Amino acid sequence: MSRLGNLGARLYRGEVGYDFIRNRKIWYGVSILITITAIIGVAVGGLRMGIEFQGGAVFTTDTKAKISTAQATDVATEASGHLAIVQELGNGGLRIQITEVDTAKANEIKETLSDELGIPADEINADLVGPSWGEQIANKAWTGLAVFMVLVVIYLAIAFEWRMAVAALIALIHDITITVGVYALVGFEVTPGTVIGLLTILGYSLYDTVVVFDSLKEGQKDITKQTRFTYSEIANRSINSTLVRSINTTVVALLPVAGLLFIGGGVFGAGMLNDISLSLFVGLAAGAYSSIFIATPLVADLKERDPQMKALKKRVLAKRAAAAAKGESPEDETPVEPREGAATAGTAGTAGSTIGRPRSHGRTPGKR
């Protein structure tokens, strides 16, 4: 078995682990800092909306121009009075995109481009996009996002519980905010492809979150009938037991997206790939982060306020204190029987173990 596979097996069995729940305030602080930066980026720099949302004209030609892409950008910008976006097509032609252009202005720009590019006007295709169409697209995108969020909350509340639904919703909003903020900070254009990417990453983020929640649901079965672990400790074991799986799925998903973003968009200059690949790349990374460091710790925080969980924590701590006073280990109690495939409180090890440090095997800490 590989070292990673061996680590994953030990994490699953509870022999080692990282205390995500105990250090949750650190991750909350990191998330708040990143989110504030993203919001400031949107508020100060704003989003560079694509032509589909603002309206304008798109000029395309199949014939190779006599001037470079940079020169074409200067010509189109000067002719229109607006910043032009010029992309070189695979056949050597150009795609020139200019926002806020009406029909009369588009014809004037087309003539100017014909002269400067050295291409007959009838070989330059001009397509106009009205701002009302872009507004409809934006409204449909917001509607789709709202419907998705409502369905997610309803499903998680039914399949799990309302606390998990609230935590998942906060994690999804966290992922969207960070992704939108990155777009504002790097100045990438927001297009329908961006919206598609945002909706896609919500599914990935939700998948990772549900995997941890499912493990937690199994682990908390008959939780009040034992006094070995608190709810937060069981939640921490659930994160650790699915940690390697979450990392593997995220890396596998990020690799092809990174190819689209850095190779397709960066090396080969296929700028249109950037629209969807950036949202996917940032969203996938943010989704994996929020599933591990935000969603489950939030559930633990909310659950620990429940009177039953407060009473359980009090009993667990009292038993540990009594065992420590007698020089005994509190691990001697018969554990809760786990359901098949679940990483529960009944598995070996303690919730507070750290990676690389094996469990104590029933000895009192500090004694041999």
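Bear in mind the structure is a predicted one, so any value in this text is a computation, not a measurement.
Of the charged side-chain nitrogens involved, at least one lies within less than 4.0 Å of a carboxylate oxygen, so that Asp222 and Lys225 count as a salt-bridged pair. Electrostatic pairing of Glu161 and Lys303 counts as a salt bridge here, judged by a charged N lying under 4.0 Å from a carboxylate O. Ionic pairing of Asp301 and Arg163 is not present here: no N-O contact between side-chain nitrogen and carboxylate oxygen is shorter than 4.0 angstrom. A salt bridge is defined here as a Lys NZ or Arg NE, NH1 or NH2 lying under 4.0 Å from an Asp or Glu carboxylate O, and Glu218 with Arg237 fails to meet this definition.
Transitive grouping of hydrophobic side chains (ILVMFWY, heavy atoms separated by less than 4.5 Å) brings Tyr183 and Ile173 into a common cluster. Note on Ile32: it does not cluster hydrophobically with Leu302, by side-chain heavy-atom contacts below 4.5 Å among ILVMFWY residues. Both Leu169 and Leu298 belong to a single network of hydrophobic side chains, linked directly or stepwise wherever heavy atoms of I, L, V, M, F, W or Y lie under 4.5 Å apart. In this structure, Phe213 is not a member of the same hydrophobic cluster as Tyr207, with clusters built from ILVMFWY side-chain heavy atoms closer than 4.5 Å. The cluster map of Ile, Leu, Val, Met, Phe, Trp and Tyr, joined by side-chain heavy atoms under 4.5 Å apart, puts Leu185 and Ile36 in different clusters.
Here Phe59 contributes atom CZ and Lys110 contributes atom NZ; the two are 8.0 Å apart, rounded to the nearest 0.5 Å. For the atom pair CE (Met149) and CD1 (Ile154), the distance works out to 13.5 Å, reported to the nearest 0.5 Å. Leu94 contributes atom CG, which lies 9.0 Å from atom CG of Leu113 (distance to the nearest 0.5 angstrom). For the atom pair CZ of Arg320 and OG1 of Thr227, the computed distance is 9.0 Å after rounding to the nearest 0.5 Å. Taking CD1 from Ile239 and OG from Ser246, the interatomic distance works out to 9.5 Å, rounded to the nearest 0.5 Å. Taking CG from Leu216 and CZ from Phe160, the interatomic distance works out to 9.0 Å, rounded to the nearest 0.5 Å.
No side-chain heavy atom of Phe229 sits less than 4.5 Å from a side-chain heavy atom of Ile223. At a threshold of 4.5 Å between non-hydrogen side-chain atoms, the residues Leu206 and Asp208 do not count as touching. At a threshold of 4.5 Å between non-hydrogen side-chain atoms, the residues Asp127 and Asn125 count as touching. At least one side-chain heavy atom of Leu117 sits less than 4.5 Å from a side-chain heavy atom of Ile96. Here the side chains of Ser279 and Phe188 are not in contact, with every heavy-atom distance at 4.5 Å or above. Looking only at side-chain heavy atoms (C-beta outward), Asn23 and Tyr18 come within less than 4.5 Å of each other. Using a 4.5 Å heavy-atom cutoff, the side chains of Thr191 and Thr194 are in contact. Taking the side chain as every heavy atom from C-beta outward, Phe20 and Leu243 approach each other to under 4.5 Å.
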Next item on the list: Determine, stepwise, if the pair Ile234 / Tyr231 fulfils side-chain contact (heavy atoms from CB on, under 4.5 Å).
Entry: CA-CA 5 Å; Ile234 292 178; Tyr231 186 91; 5.8 Å; no
Notebook entry, point to check: Given Val282 and Leu284, is the side-chain contact (heavy atoms from CB on, under 4.5 Å) satisfied, shown in steps?
Noted result: CA-CA 6 Å; Val282 176; Leu284 285 172; over 6 Å; no
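Crowding of Arg48 atom CZ: a count of heavy atoms from other residues, nucleotides or ligands under 6.0 Å exceeding 12. For CD of Glu123, the number of neighbouring non-hydrogen atoms (other residues, nucleotides, ligands) closer than 6.0 Å is greater than 12.
In plain terms, the two heavy atoms of Val299 and Ala167 that are nearest each other are CG2-CB, 3.5 Å. Closest approach of Thr177 to Ile39, counting heavy atoms only: CG2-CG1, 4.0 Å. Scanning both residues, Gly56 and Ile51, for their nearest heavy atoms gives C-CD1, 3.4 Å. For the residue pair Ser232 and Ile21, the shortest heavy atom distance occurs at O-CG1, 3.5 Å. The two atoms that bring Pro256 and Val252 nearest to each other are CD-O, 3.0 Å, heavy atoms only. Here the closest heavy-atom approach between residue Gly283 and residue Thr179 is recorded as CA-OG1, 3.6 Å.
Not a single donor-acceptor pair under 3.5 Å links the side chain of Glu111 to the backbone N or O of Glu108. Checking side-chain atoms of Thr77 against main-chain N and O of Ala84 turns up a donor-acceptor pair under 3.5 Å. The closest donor-acceptor contact from the side chain of Ser215 to the backbone of Val211 lies at 3.5 Å or more, if one exists at all. Between the Tyr289 side chain and the Ile294 main chain, no donor and acceptor come within less than 3.5 Å of each other. Side chain of Thr296 to main chain of Ile292: no donor-acceptor pair is present (N/O by atom type, distance under 3.5 Å, no hydrogens or angles). Of the possible donor and acceptor atoms, one in the side chain of Lys105 sits under 3.5 Å from a partner among the backbone N and O of Ala79. Not one N or O on the side chain of Thr209 forms a donor-acceptor pair closer than 3.5 Å with the backbone of Ala168.
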Without placing hydrogens or testing angles, list every side-chain donor-acceptor pair under 3.5 Å for residues 198-205, not counting sequence neighbours.
from: Thr200; atom 1: OG1; to: Ile196; atom 2: O; distance (Å): 2.7
from: Ser205; atom 1: OG; to: Asp175; atom 2: OD2; distance (Å): 2.6

Please set out all donor-acceptor pairs under 3.5 angstrom arising from side-chain atoms of residues 307-317, sequence neighbours excluded.
from: Arg315; atom 1: NH2; to: Thr224; atom 2: O; distance (Å): 3.2

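Between Glu189 and Gln97, the side chains place a donor N or O and an acceptor N or O closer than 3.5 Å (distance only, hydrogens not considered).
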